[in-house]
Amino acid sequence: MGAIWVIAELNGDGSLARISMEAATLARSLAASSGFDASGIVVAADPAPAAAELAAYLPRVVTVSEPEAAGNAWASVAAERASSVIGRDPAAVVIVGSGPDGRDIAGALSALTDLGILVNATGVAWTDAGPSVEMSVFGGKLITTSTFSARGGIVTIRPNTVAAEPAAGPGAIERASPASALTLPRVAVLERVEEAGAAAPIEEARIIVSGGRGVGSTQGFDLVASVAAALGGAVGATRAAVDAGWIPYAQQIGQTGKIVKPELYLALGISGAIQHKVGMQTAGTIVAINRDPDAPIAEFADLLVVGDLFEVVPALLVALGSRTG
Amino acid sequence: MHIVVLTKPVPDPAAAAERLGPDLRLDRAASPAVVNANDEYALEAALKLTEAFGGEITLLTMAPAGGSDTMRKALAMGATRGILVADPALAGSDTRSTSVVLAATLGDLAYDLVLAGADTSDGGGGVVPAAVATLLRLPYLGNAAKIEPDPAAGRVRVRSFTPIGFDLLEAPMPALIVCTQALGEPRYPSLKGIMAARSKEIATRTLGDIGVDAAAVGGAVASTRVVETRKPPARGATTMVRGTAAEGADAIVAFLAERRII
Ligand SMILES: Cc1cc2nc3c(=O)[nH]c(=O)nc-3n(C[C@H](O)[C@H](O)[C@H](O)COP(=O)(O)OP(=O)(O)OC[C@H]3O[C@@H](n4cnc5c(N)ncnc54)[C@H](O)[C@@H]3O)c2cc1C
Ligand SMILES: Nc1ncnc2c1ncn2[C@@H]1O[C@H](COP(=O)(O)O)[C@@H](O)[C@H]1O
């Protein structure tokens with residue numbers, strides 16, 4: 001029987017990343033349609049905590065205790081260990097996230113196993129030809145559906161491709177003991193630095209409140225953050241705001257930043273340049289506050305409030321507050 | 001130091017004219033080509049490094065023969081030379097073929113660092129660099145915000161973004177590093193640079209030159225294929241609200257409530 005695999009990605013504290021819960025949910029539903037087995041693989045110095053979490057989603061989880069995964073860059077270590085669990089199976093389907101770890105795993109695993117890769121999936125269904133993968137290309141202008149020639153392959157999925165949903169009962173956890181030493185060169189992690197104010201990954205957010213040059217300053221972004229807090233959302237930004245040093249690059253949305261697809265995108269003082277638009281135009285609802293009615297964002301926002309954000313935003317906070325309070 | 005920068009020509013996203021041809025492959029004639037924006041960050045990083053440590057920069061591109069036009073712009077920014085791998089058999093290549101070809105070409109070069117972009121704007125998923133590094137058994141350092149080589153010690157340190165901050169990574173050279181925008185704004189080519197680029201060398205290599213079997217790569221053995229395309233649903237018309245700040249705020253709340261977002 002064929003196999004569908006999820007390679008677990010981990011948070012800094014060793015817990016399971018949310019994207020892997022989504023990947024596991026997807027793997028389970030593909031297994032139900034195909035009759036394939038769905039399994040997870042956890043590679044870590046101490047895989048137990050993440051394995052227990054992953055087993056809530058999948059009937060079977062294979063753990064590899066790998067001490068080298070701790071003090072070294074993780075992805076190539078994980079890819080090499082995962083490749084020996086998966087073996088040389090051209091029909092194997094492997095699902096990982098489309099973020100940095102998932103990409104690194106996908107690239108390395110492809111080189112190790114010869115499996116092809118379909119990237120940035122926004123939807124995956126099972127067909128006679130194996131997984132059929134939808135992705136949004138050319139800045140959201142086109143949706144393509146692709147398949148693997150060999151039926152099997154690696155799929156990187158965007159956050160929120162499916163909603164994570166645990167299985168009825170927990171799966172079995174088994175241990176794999178690698179027979180051989182790692183062959184890929186290790187990259188030492190000399191230091192792990194946590195930065196204050198590091199925000200939740202914006203790709204996963206249901207609501208994004210984003211600020212542009214019009215926000216004007218770091219203090220202006222405090223205002224953006226209060227709207228985000230009031231709506232239960234995350235803070236995003238344009239490159240202009242990132243270049244000005246008002247907000248970290250991790251929050252940048254667009255061609256050279258993140259691609260996001262939240263339910264709501266609230267754009268404050270953002271013109272809507274094409275390089276920004278390609279990162280957010282597939283959002284469910286786009287609302288903009290801009291004092292220029294002719295800004296390009298007027299072309300693709302659902303609602304544009306023409307006005308000074310420093311007047312409209314405080315009023316919005318009051319209006320939102322009186323609603324919930 | 002000798003730095004190889006992996007650069008790919010892509011349809012200019014600013015022209016917004018990208019499309020697939022009837023064969024469901026990228027229609028390169030439909031859109032003007034530019035150097036992939038993320039690769040310009042890698043090139044800028046390479047230029048700063050060679051300014052600080054001395055050395056040369058080789059651009060490596062796998063693309064159809066027309067790819068040399070876009071390479072000229074990158075040469076004008078200051079790269080030393082280019083290598084263009086172009087072969088009719090490469091049409092329709094998947095990420096696997098691309099990685100195999102780039103790795104085989106690198107295999108004939110001596111270098112300290114290979115720098116790559118985070119992903120390509122024409123649908124790439126940022127997977128090629130890790131595949132190339134793995135094929136060549138090179139140390140792989142992703143998400144670079146800062147690159148600090150120590151040529152005497154033969155090592156490189158990289159500040160690599162993580163979801164919670166950054167990791168300080170260290171590896172022996174040669175190594176492959178994926179660059180981010182945080183490394184700095186790419187420079188504009190100077191007039192002098194543009195003039196100089198005209199006479200810089202772009203060596204063209206075929207599959208035969210790099211020792212890759214034409215039957216092992218390209219569209220004929222592609223591991224993936226596009227079977228269908230559709231346009232996303234069109235966005236509705238824009239509602240425009242003018243008035244006082246309070247009216248604007250109320251309009252937003254009402255709109256979000258109506259759509260059941262709040
Ligand atoms: C290769 C390349 C890659 C790029 N990648 C990205 C990317 O990934 N992401 C990205 O965002 N950009 C990117 N850009 C930059 C992009 O072209 C734009 O320059 C940028 O998005 C503009 O940001 P902005 O909308 O904040 O600023 P502006 O274009 O300056 O717009 C500011 C807007 O704020 C409005 N405004 C000002 N003050 C107020 C106020 N008080 N109240 C209300 N409205 C106000 C103005 O009317 C204006 O519309 C890239 C550019 C290039 C060349
Ligand atoms: N055809 C190519 N020629 C040269 N470099 C490439 C090519 N394809 C990908 N790359 C490099 O790999 C990076 C990631 O590409 P991708 O995996 O296609 O998103 C790019 O930013 C380039 O640095």
Side-chain angles (χ1 to χ4, degrees), chain A residues 12 73 76 98 100 103-104 106-108 110-112 116-120 137-140 142-150 153 156 184-185 187-195 198 201 249 255-256 263-264 274 278 285 287 298 300-307 311-312 315-316 319 323, chain B residues 13-14 16 18 37-38 94-96 99 121 123 125-131 134-135 137 139-143 161 163-171 180-182 222-232 235-236 238-242 245-246 248-253 255 259 261-262:
Chain A
S76 57
S98 63
R103 292 168 169 206
D104 292 353
S110 170
L112 293 167
I117 313 175
L118 285 168
V119 297
N120 298 333
V137 296
F138 304 152
L142 192 71
I143 296 168
T144 60
T145 306
S146 306
T147 57
F148 292 109
S149 325
T156 74
L184 292 178
V187 170
V189 181
L190 302 182
E191 202 185 338
R192 286 189 202 280
V193 178
E194 276 191 45
E195 287 191 318
Y249 171 57
Q255 187 191 321
T256 52
E263 245 175 78
L264 169 65
I274 178 89
V278 298
T285 293
V287 175
F300 57 94
D302 299 297
L303 178 70
L304 172 65
V305 172
V306 182
E311 293 169 12
V312 180
L316 178 62
R323 231 184 94 84
Chain B
E18 307 102 324
N38 277 324
D94 59 2
T95 58
R96 232 176 22 168
S99 310
S121 56
V127 295
V128 165
T134 304
L135 289 170
R137 300 296 197 253
Y140 172 83
L141 301 90
N143 254 327
F161 281 126
I164 52 168
F166 63 87
D167 285 351
L168 183 61
L169 305 177
E170 189 185 66
T180 70
Q181 182 189 304
S223 56
T224 63
R225 58 169 172 258
V226 178
V227 291
E228 215 177 86
T229 67
R230 62 187 167 88
K231 286 231 179 325
R235 296 202 82 89
T238 305
T239 308
M240 206 170 310
V241 176
R242 299 169 195 255
D250 289 345
I252 294 175
V253 171
F255 192 78
R259 295 197 170 201
I261 293 168
I262 56 171

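Residue numbering restarts at 1 for every chain, and letters A, B, ... go by the order of the sequence lines.
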*Chi angles and distances behind the side chain to side chain contact (heavy atoms under 4.5 Å, CB included) call for E170(B), V187(A)*: CA-CA 6 Å; E170(B) 189 185 66; V187(A) 170; over 6 Å; no

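Listed for the S149(A) side chain is a donor-acceptor partner under 3.5 Å among the backbone atoms of A222(B). Between the side chain of R103(A) and the main chain of G125(B), a donor-acceptor pair closer than 3.5 Å is present.
The two residues P139(B) and P185(A) come nearest to each other via the heavy atoms N-CG, 3.5 Å. Contact record, A319(A) with V253(B): CB-CG2, 3.8 Å, taken as the closest heavy-atom pair. Between A315(A) and A245(B), the shortest heavy-atom distance links the atoms CB-O, 3.8 Å. Here the shortest heavy-atom pairing between T238(B) and F300(A) reads OG1-N, 4.3 Å.
In this structure, chain B has no heavy atom under 4.5 Å from any part of S76(A). Residue T95(B) touches chain A through its side chain alone, counting heavy-atom pairs closer than 4.5 Å. Contact annotation for V226(B): both backbone and side-chain heavy atoms come within less than 4.5 Å of a heavy atom of chain A. Using a 4.5 Å cut-off between heavy atoms, Y140(B) touches chain A through backbone and side chain atoms alike. Contact annotation for V312(A): both backbone and side-chain heavy atoms come within less than 4.5 Å of a heavy atom of chain B. Contact of F255(B) with chain A is made through the side chain alone, with heavy-atom distances under 4.5 Å.
For the set N120(A), L112(A), L316(A), the entry with the most heavy-atom pairs within less than 4.5 Å of chain B is L316(A). Your options are A249(B), G248(B), G123(B), G236(B), and the one with the most heavy-atom pairs under 4.5 Å with chain A is A249(B). Your options are L264(A), L184(A), I274(A), T285(A), and the one with the most heavy-atom pairs under 4.5 Å with chain B is T285(A). In terms of heavy-atom pairs under 4.5 angstrom with chain B, the leader among L142(A), T145(A), D104(A), V137(A) is T145(A). Options V119(A), D302(A), T144(A) differ in how many heavy-atom pairs under 4.5 Å they form with chain B, and the most are formed by D302(A). Interface check for chain B: of the options V306(A), V278(A), T256(A), the most heavy-atom pairs under 4.5 Å are formed by T256(A). Options R242(B), E18(B), M240(B), K231(B) differ in how many heavy-atom pairs under 4.5 Å they form with chain A, and the most are formed by E18(B). Counting heavy-atom pairs under 4.5 Å between each of R137(B), Q181(B), R259(B) and chain A puts Q181(B) at the top. In terms of heavy-atom pairs under 4.5 Å with chain B, the best-connected choice from T156(A), V287(A), I117(A) is I117(A).
Qualifying side-chain hydrogen bond (donor to acceptor under 3.5 Å, both in side chains) partners for S223(B), counting only residues two or more places apart in sequence or in other chains: D94(B).
A distance of 11.5 Å separates CZ in R323(A) from CG in D250(B), rounded to the nearest 0.5 Å. Considering CD of E194(A) and CZ of F166(B), their distance stands at 11.5 Å, rounded to 0.5 Å.
A heavy-atom distance below 4.5 Å is not found between the side chains of L168(B) and V193(A). The shortest distance between side-chain heavy atoms of T180(B) and Y249(A) falls below 4.5 Å. Looking at I252(B) and L303(A), their side chains come closer than 4.5 Å, going by heavy atoms from C-beta outward.
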